[in-house]
Amino acid sequence: MIKKAAVINDLSGFGKCSLTATIAVLSVMGVQPCPMPTAVLTNQTGYKNHYCIDLTDELCHYKEMWSLNNESFDGIYSGYIADKKQVDIIFDFINTFRKSSTIVLVDPVMGDNGRLYSAFSNETCKKVCSLARSADIITPNLTELCILTDTDFEELNSHCENDDFLERISDVAKSAFSHSEQKIVVTGIKKGNYLYNGVFSKQDCEFV
């Protein structure tokens, strides 16, 4: 049987991200991606101008129809949240479809380079952090790791040229775990001319 993953994320026309990227990658891996779009954007929000169609009011239909059709998932992946109301819908979706063997991955999309994305409020971030704590795997960038752990990004990043920078990030990541089986992948860590990803569990850590 082909494994299936529910992919809860936005669809951006430009940006090489979100559903456009995830559908391609999962398909190549032999996993059937089942998209549940949180929003449709002309391009991702990093561009100077973008237009967003918020699909909050449509999301409940996915859970309802997929439940009626007796669908099940080996994985559930949550990414960009277009509205804070979506977090409660996603929690409900996970509670409905999560089995003991289901892997839940949350990309806590909230900001980058030490700043929140313009569409995100502190209240929305609190909800996203709560969602991340329920996941088996979370994939924050360094800014999002700092939000999750209430760490001062500017102070942490001021050590980026120091030999102990990665060790400091490791210490911060270790404080983010909400349960013993959770794994954390910190993406896009800039140190000198290199870009690292940190992979952490309660027992181990590795930078690649």
Side-chain angles (χ1 to χ4, degrees), residues 1-45 51-110 117 119-120 124-141 144 148 177-185 187 199 201:
M1 293 287 290
I2 295 177
K3 292 186 180 296
K4 293 182 292 184
V7 187
I8 309 168
N9 213 339
D10 72 276
L11 178 63
S12 292
F14 281 91
K16 298 180 182 179
C17 63
S18 306
L19 286 176
T20 303
T22 308
I23 290 171
V25 171
L26 288 177
S27 296
V28 169
M29 293 174 64
V31 177
Q32 178 186 342
C34 305
M36 179 174 162
T38 57
V40 176
L41 292 90
T42 52
N43 40 269
Q44 56 111 320
T45 57
Y51 179 74
C52 175
I53 302 171
D54 186 333
L55 296 179
T56 300
D57 293 338
E58 312 303 324
L59 292 184
C60 290
H61 298 303
Y62 281 83
K63 192 204 81 169
E64 180 185 1
M65 293 300 109
W66 288 353
S67 294
L68 289 173
N69 292 333
N70 295 314
E71 298 293 353
S72 63
F73 302 98
D74 301 283
I76 300 172
Y77 163 51
S78 170
Y80 180 80
I81 305 297
D83 186 281
K84 63 184 179 183
K85 297 176 184 176
Q86 293 187 356
V87 178
D88 295 327
I89 296 170
I90 294 169
F91 263 125
D92 187 35
F93 184 93
I94 291 172
N95 289 334
T96 299
F97 290 101
R98 190 179 209 167
K99 301 175 293 186
S100 60
S101 59
T102 305
I103 297 173
V104 175
L105 186 154
V106 170
D107 182 4
V109 179
M110 294 181 282
Y117 293 131
F120 280 73
T124 304
C125 287
K126 287 181 181 178
K127 282 182 166 286
V128 173
C129 289
S130 178
L131 182 63
R133 285 190 285 272
S134 73
D136 300 302
I137 304 169
I138 58 175
T139 59
N141 60 33
E144 291 154 354
L148 286 165
F177 289 105
S178 62
H179 55 84
S180 61
E181 299 303 315
Q182 191 172 57
K183 293 180 173 60
I184 300 173
V185 180
T187 62
V199 183
S201 67

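How far NZ of Lys127 is from CG of Leu131: 10.0 Å, rounded to the nearest 0.5 Å. In this structure, Lys63 NZ and Leu68 CG are separated by 10.0 Å, a value rounded to the nearest 0.5 Å. Rounded to the nearest 0.5 Å, atoms CD1 (Ile76) and OG1 (Thr96) are 9.0 Å apart. Separation of atoms OG1 (Thr22) and OH (Tyr77) is listed at 4.0 Å; rounding is to 0.5 Å. The structure places CD1 of Ile184 at 4.0 Å from CD1 of Ile138, a figure rounded to the nearest 0.5 Å. Atom CG of Leu19 is separated from atom CD1 of Ile8 by 10.0 Å, given to the nearest 0.5 angstrom.
For Arg98, the side chain to side chain contact (heavy atoms under 4.5 Å, CB included) partners two or more places apart in sequence, or in a different chain, are Ile94, Thr102, Val104, Asp136. Partners of Lys84 under the salt bridge (charged side-chain N to carboxylate O under 4.0 Å, His left out) rule, at least two apart in sequence or in another chain, are Glu123. Partners of Thr20 by side chain to side chain donor-acceptor pair (under 3.5 Å), not counting sequence neighbours: none found. Residues meeting the side chain to side chain contact (heavy atoms under 4.5 Å, CB included) test with Thr56, sequence neighbours left out: Asp54, Asp83, Lys85, Gln86, Ile89.
No donor-acceptor pair under 3.5 Å is formed between the side chain of Asp92 and the backbone N or O of Asp88. The main-chain N or O of Ala135 is found under 3.5 Å from a side-chain atom of His179 such that the two form a donor-acceptor pair. Listed for the Gln182 side chain is no donor-acceptor partner under 3.5 Å among the backbone atoms of Phe177.
Considering every non-hydrogen atom in both Gly79 and Val109, the closest pair reads C-CG2, 4.0 Å. Closest approach of Leu26 and Ala5 over heavy atoms only: CD1-CB, 4.2 Å. Closest non-hydrogen pair, Ser78 versus Ile90, comes out as OG-CD1, 3.8 Å. Shortest non-hydrogen contact noted between Ala6 and Phe73 is N-CD2, 3.5 Å.
Using a 4.5 Å heavy-atom threshold, the side chains of Met110 and Cys129 count as touching.
For residues 66-75, the side chain to side chain donor-acceptor pair (under 3.5 Å) pairs, not counting sequence neighbours, are Lys4-Glu71.
For Ile23, the CD1 atom counts as densely surrounded, since its 6.0 Å shell holds more than 12 non-hydrogen atoms of other residues, nucleotides or ligands. Within a 6.0 Å sphere centred on NZ of Lys99, other residues, nucleotides and ligands contribute more than 12 heavy atoms. The number of heavy atoms from other shown groups lying within 6.0 Å of CE (Met65) is above 12.
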For residues 31-38, which side-chain donor-acceptor pairs fall under 3.5 Å, sequence neighbours excluded?
| unit_1 | atom_1 | unit_2 | atom_2 | d |
| --- | --- | --- | --- | --- |
| Thr38 | OG1 | Asp10 | N | 3.4 |
| Thr38 | OG1 | Tyr80 | O | 2.9 |

